[in-house]
Amino acid sequence: MKTKKIFLISRIYVILPIIALALIITISCGKNSKTDIPADTEEKTTDGAYKVVDVMPEFPGGDTALMNFIARNTKYPEQAKLNSIQGKVIVRFMVKEDGIVSDATILRSDNSVLDAESMRVVSSLPKFTPGTLKGKDVPVWFMLPINFVLK
């Protein structure tokens, strides 16, 4: 009889933690689901643009065409050539709801001489196909690395 009672108690001690863990997982998953978050707050920055959307903005012709545009239109700064300056500049810009590029800023720079050329090239980008969130065109932040390498 004592053995039967110990067996029953040990089963309860095994089953109760499993049930408690299942309840905790169910409750926590329910509270953090994306459907509980209002659409206007999903990854939206203080300036009204989004970082994450359903469909990212696209350059006419795609990513390869964007890289080709950057390569064709970037002019290596003379001062950088003379001083053998190489590096990478990461430019962040907003693609607005109408596809126009705006609000470009330098996020990372290896040398200030390369920054001005990077900003010039980014400001000359043609319209993108805008990003969309839930079927609506929205402003989206876009980052673009520009590499300066001497041959």
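This one's a predicted model, so the numbers in the text were calculated from it and none came from an experiment.
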Quiz prompt | CA sep, side-chain torsions, deciding dist, call: Ser123, Phe93, side chain to side chain contact (heavy atoms under 4.5 Å, CB included) | solution = CA-CA 9 Å; Ser123 67; Phe93 56 90; over 6 Å; no
Quiz item: Hey, mind stepping through Asp54 and Lys134 against side chain to side chain contact (heavy atoms under 4.5 Å, CB included) and telling me if it holds?
Solution: CA-CA 7 Å; Asp54 296 334; Lys134 297 183 175 150; 4.1 Å; yes
Quiz item: Going through the distances and angles, do Asn147 and Val89 end up as a side chain to side chain contact (heavy atoms under 4.5 Å, CB included)?
Solution: CA-CA 6 Å; Asn147 293 307; Val89 178; over 6 Å; no
Practice problem: Check the pair Val101, Met94 against side chain to side chain contact (heavy atoms under 4.5 Å, CB included), reporting the backbone distance first and the verdict last. | Solution: CA-CA 6 Å; Val101 171; Met94 185 187 300; over 6 Å; no
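The salt bridge (Lys or Arg N to Asp or Glu O under 4.0 Å) analysis of residues 101-112, with sequence neighbours excluded, yields the pairs Arg108-Asp110. Residue pairs meeting the salt bridge (Lys or Arg N to Asp or Glu O under 4.0 Å) criterion with at least one partner in residues 116-125, sequence neighbours excluded, are Glu117-Arg120.
Remark: Asp137 engages no residue in a side-chain hydrogen bond (donor to acceptor under 3.5 Å, both in side chains) (not counting sequence neighbours). Residues forming a side chain to side chain contact (heavy atoms under 4.5 Å, CB included) with Met56 (at least two apart in sequence, or on another chain): Val53, Val140, Phe142. Residues forming a side chain to side chain contact (heavy atoms under 4.5 Å, CB included) with Ser109 (at least two apart in sequence, or on another chain): Ile106, Asp115.
Side-chain atoms of Gln86 come within 3.5 Å of backbone atoms of Leu150 as a donor-acceptor pair (strictly under, hydrogens ignored).
Between Ile146 and Val122, the closest side-chain pair of non-hydrogen atoms falls below 4.5 Å. By the 4.5 Å heavy-atom criterion applied to side chains, Leu66 and Leu125 are counted as neighbours. A 4.5 Å side-chain heavy-atom check between Val95 and Glu58 finds every atom pair outside the cut-off.
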Contacts table for residues 71-79: side-chain donor-acceptor under 3.5 angstrom, sequence neighbours left out:
unit_1	atom_1	unit_2	atom_2	d
Asn73	ND2	Phe69	O	2.7
Thr74	OG1	Ile70	O	2.5
Tyr76	OH	Ile85	O	2.5
Glu78	OE2	Lys81	NZ	3.4

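Hydrophobic clustering keeps Leu144 apart from Val55 (ILVMFWY residues linked when any side-chain heavy atoms are closer than 4.5 Å, directly or through intermediates).
Closest heavy-atom contact between Lys96 and Pro130: O-CB, 3.8 Å. Listed here is the closest heavy atom pair of Ala104 and Val91: CB-CG1, 4.2 Å. When every heavy atom of Ser118 is checked against every heavy atom of Phe148, the shortest pair comes out as OG-CE1, 3.4 Å.
Here Leu107 is tied into one hydrophobic group with Ile90, Met143, each link being a pair of ILVMFWY side chains closer than 4.5 Å.
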